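So the structure is just underneath, and the comments pick up after that.
Just so it is clear, the structure is predicted and the values come from calculations on it, not from any experiment.
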Amino acid sequence: MSTSLNAKISLNDFQLRDGIYFPNDYEQLNSTEQKQRWDEIGKTYYGSQKIEQAEETSPLKQDYTLLTGRPGGTWNKFPINKSVDSILEIGCGYGRIPLFLSKDKNLRCQKYYGIDISESLLRRLLKCKQEYDFFPGAEFYIICASAELLPLEDNSVDLIISNCVFMHIPEAQIRNLLVEVSRVLKPGGTFVFNHSFHNKSCPSHIIHNLVRRLNPKQNSVYLKQYSSAEINAMLTTSGMKTKCPQYIVEPTQEYAILPETIKGIQIPFANSINRSLKPSAAMKETLAYGYSAYSSQL
Ligand SMILES: C[S@@+](CC[C@H](N)C(=O)[O-])C[C@H]1O[C@@H](n2cnc3c(N)ncnc32)[C@H](O)[C@@H]1O
């Protein structure tokens, strides 16, 4: 794969081992706290290790939803029977979203690029691909790296997706990542960043932030939150408008006034109180747990 003028790296700078592209300076990435955290979380993330432990006769082997469930939010709006040349997924984990899009929405592609910092999750993605054969016939490029530098050419990807990832990434990295995403998206391409940003005005996050300030070392999995104006400004600055002029930044439909856990301790009734919230249109931007951003024409 050739390197374009603007791409700072290409897959030529990676080594392919066991179906995964690793950067040449993998030791350096391995020494980061962010990578170590996600390698650890990845060992049991969403019970995904069950796929490795399942017997040949286990129903899990036949029915992918027993492993992943069905993701909601913007994914429900995704059209059926769409076909694209290439898909890039940021923070693909073990493949929950491509599984759903391939199996439930019959999305087809020629090339799937999945980038994630967690080697344990990527190994499981390959296992899931083997078990469930999502995006049959597509070329798979599975890349273990932090996503703020993308080893892909300018204007090379038709569809870029991400689910619940950006809230785990520091702001400076997100800004670089969005510039990179805008760079590699084809003009007229589409994107879905479902449940990607946490909402700055949500009371549950405000309480969490207060607790975190008392013990800043704890729970650095969730980082900064944003308003819709800030998300729009980041997307504009990244250059996304020149590739995909029409997109929506929308509050998610999960609402919360109380954190459900603090420092791993369950807060009584928080879950049922949060689930019972039915905010008026005016209150949705305040109580929504997060934001999604996606192309108006999917
Ligand atoms: C909450 S999980 C979501 C995984 C997957 N998208 C899903 O919906 O199941 C967050 C994912 O982001 C990945 N991640 C965190 N920081 C990252 C970074 N800097 N670059 C790439 N991936 C990252 C984690 O390894 C993890 O797979």
Side-chain angles (χ1 to χ4, degrees), residues 14 16-23 26 29-30 32 34-56 58-76 78 86-109 111-147 150-151 159-169 177 192-196 221-222 290 292:
F14 286 64
L16 183 60
R17 286 198 306 273
D18 306 334
I20 300 177
Y21 287 87
F22 293 97
Y26 192 48
L29 181 64
N30 262 330
T32 63
Q34 202 178 6
K35 165 117 174 67
Q36 288 166 8
R37 182 183 317 127
W38 282 103
D39 276 339
E40 195 51 40
I41 294 172
K43 288 180 187 162
T44 52
Y45 179 72
Y46 264 64
S48 58
Q49 76 282 5
K50 287 184 208 140
I51 192 68
E52 283 157 359
Q53 296 159 358
E55 306 279 327
E56 271 318 304
S58 163
L60 200 65
K61 294 260 183 180
Q62 309 305 323
D63 180 359
Y64 88 91
T65 62
L66 296 176
L67 180 67
T68 67
R70 283 190 168 83
T74 318
W75 304 117
N76 290 329
F78 202 87
S86 49
I87 299 174
L88 164 66
E89 182 170 14
I90 308 288
C92 53
Y94 69 90
R96 227 157 57 88
I97 303 305
L99 256 168
F100 168 77
L101 292 175
S102 176
K103 299 283 175 197
D104 280 50
K105 296 289 185 175
N106 195 29
L107 173 64
R108 280 152 293 147
C109 66
K111 286 175 242 134
Y112 169 80
Y113 297 90
I115 185 164
D116 200 289
I117 201 168
S118 167
E119 181 176 341
S120 47
L121 281 170
L122 291 178
R123 289 198 179 280
R124 202 157 289 136
L125 180 145
L126 292 175
K127 180 81 184 149
C128 287
K129 163 71 181 156
Q130 196 185 330
E131 293 298 339
Y132 303 115
D133 195 21
F134 55 96
F135 298 146
E139 292 166 24
F140 269 60
Y141 299 91
I142 300 303
I143 305 162
C144 189
S146 183
L150 298 173
L159 168 65
I160 304 188
I161 58 175
S162 190
N163 189 66
C164 302
V165 176
F166 300 166
M167 66 278 275
H168 301 297
I169 297 183
L177 186 158
V192 178
F193 302 150
N194 182 59
H195 206 134
S196 289
V221 172
Y222 294 119
S292 300

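In the displayed structure, Q53 atom CD is contacted under 6.0 Å by more than 12 heavy atoms of other residues, nucleotides or ligands. Heavy-atom contacts from other residues, nucleotides or ligands closer than 6.0 Å to OH of Y46 number 12 or fewer.
One finds the CG atom of L125 at 8.0 Å from the CD atom of E89 (value rounded to the nearest 0.5 Å). Note that OH of Y94 is 12.5 Å distant from OG of S120, once rounded to the nearest 0.5 Å. Atom CD1 of I97 is separated from atom SG of C92 by 11.0 Å, given to the nearest 0.5 angstrom. Distance SG/C109 to CG/L88: 11.0 Å, rounded to 0.5 Å. Here the straight-line distance linking atom CD of Q36 with atom CD1 of I117 works out to 10.0 Å at 0.5 Å rounding. Distance CG/N76 to CG/D104: 9.5 Å, rounded to 0.5 Å.
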| query | Which is it for L159 and L107 under the side chain to side chain contact (heavy atoms under 4.5 Å, CB included) test, yes or no, and what are the steps along the way? | reply | CA-CA 11 Å; L159 168 65; L107 173 64; 4.0 Å; yes
| For I41 and S118, what are the C-alpha separation, side-chain angles and deciding distance, and is it a side chain to side chain contact (heavy atoms under 4.5 Å, CB included)? | CA-CA 9 Å; I41 294 172; S118 167; over 6 Å; no
| said: side chain to side chain contact (heavy atoms under 4.5 Å, CB included) for L150 and I143? Distances and angles first, verdict last. | reply: CA-CA 10 Å; L150 298 173; I143 305 162; over 6 Å; no
| side chain to side chain contact (heavy atoms under 4.5 Å, CB included) between I87 and L101, intermediate numbers included | CA-CA 11 Å; I87 299 174; L101 292 175; over 6 Å; no
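Put simply, the residue from K43, R124, K127, K61 that forms a salt bridge (Lys or Arg N to Asp or Glu O under 4.0 Å) with E52 is R124. P151 pairs with exactly one of F14, Y141, Y113 by the side-chain contact (heavy atoms from CB on, under 4.5 Å) rule, that one being F14.
The shortest non-hydrogen separation linking D18 to L126 is O-CD1, 3.4 Å. Taking every heavy atom of both residues into account, T68 and R96 meet most closely at CB-CG, 3.5 Å. The shortest heavy-atom contact between L177 and A147 is CG-O, 3.7 Å. Between Q49 and T44, the shortest heavy-atom distance links the atoms OE1-CA, 3.2 Å. For the residue pair L121 and S48, the shortest heavy atom distance occurs at CD2-OG, 4.3 Å.
Judged as a side-chain contact (heavy atoms from CB on, under 4.5 Å), and not counting sequence neighbours, the contacts of E119 are F22, Y26, K35, D39, R123, C144.
Looking at C128 and L67, their side chains come closer than 4.5 Å, going by heavy atoms from C-beta outward.
Every pair passing ring pair (Phe, Tyr, Trp, His ring centres under 6.0 Å) that includes a residue from residues 115-137 is listed here, sequence neighbours excluded: Y112-F135, F134-F140.
Side-chain polar atoms of W75 and N163 form a donor-acceptor pair below 3.5 angstrom.
N194 places a side-chain N or O within donor-acceptor distance of the main-chain N or O of T74, the cut-off being under 3.5 Å. K105 places a side-chain N or O within donor-acceptor distance of the main-chain N or O of F78, the cut-off being under 3.5 Å. The backbone N or O of F166 sits nowhere less than 3.5 Å from a side-chain atom of S196 that would complete a donor-acceptor pair.
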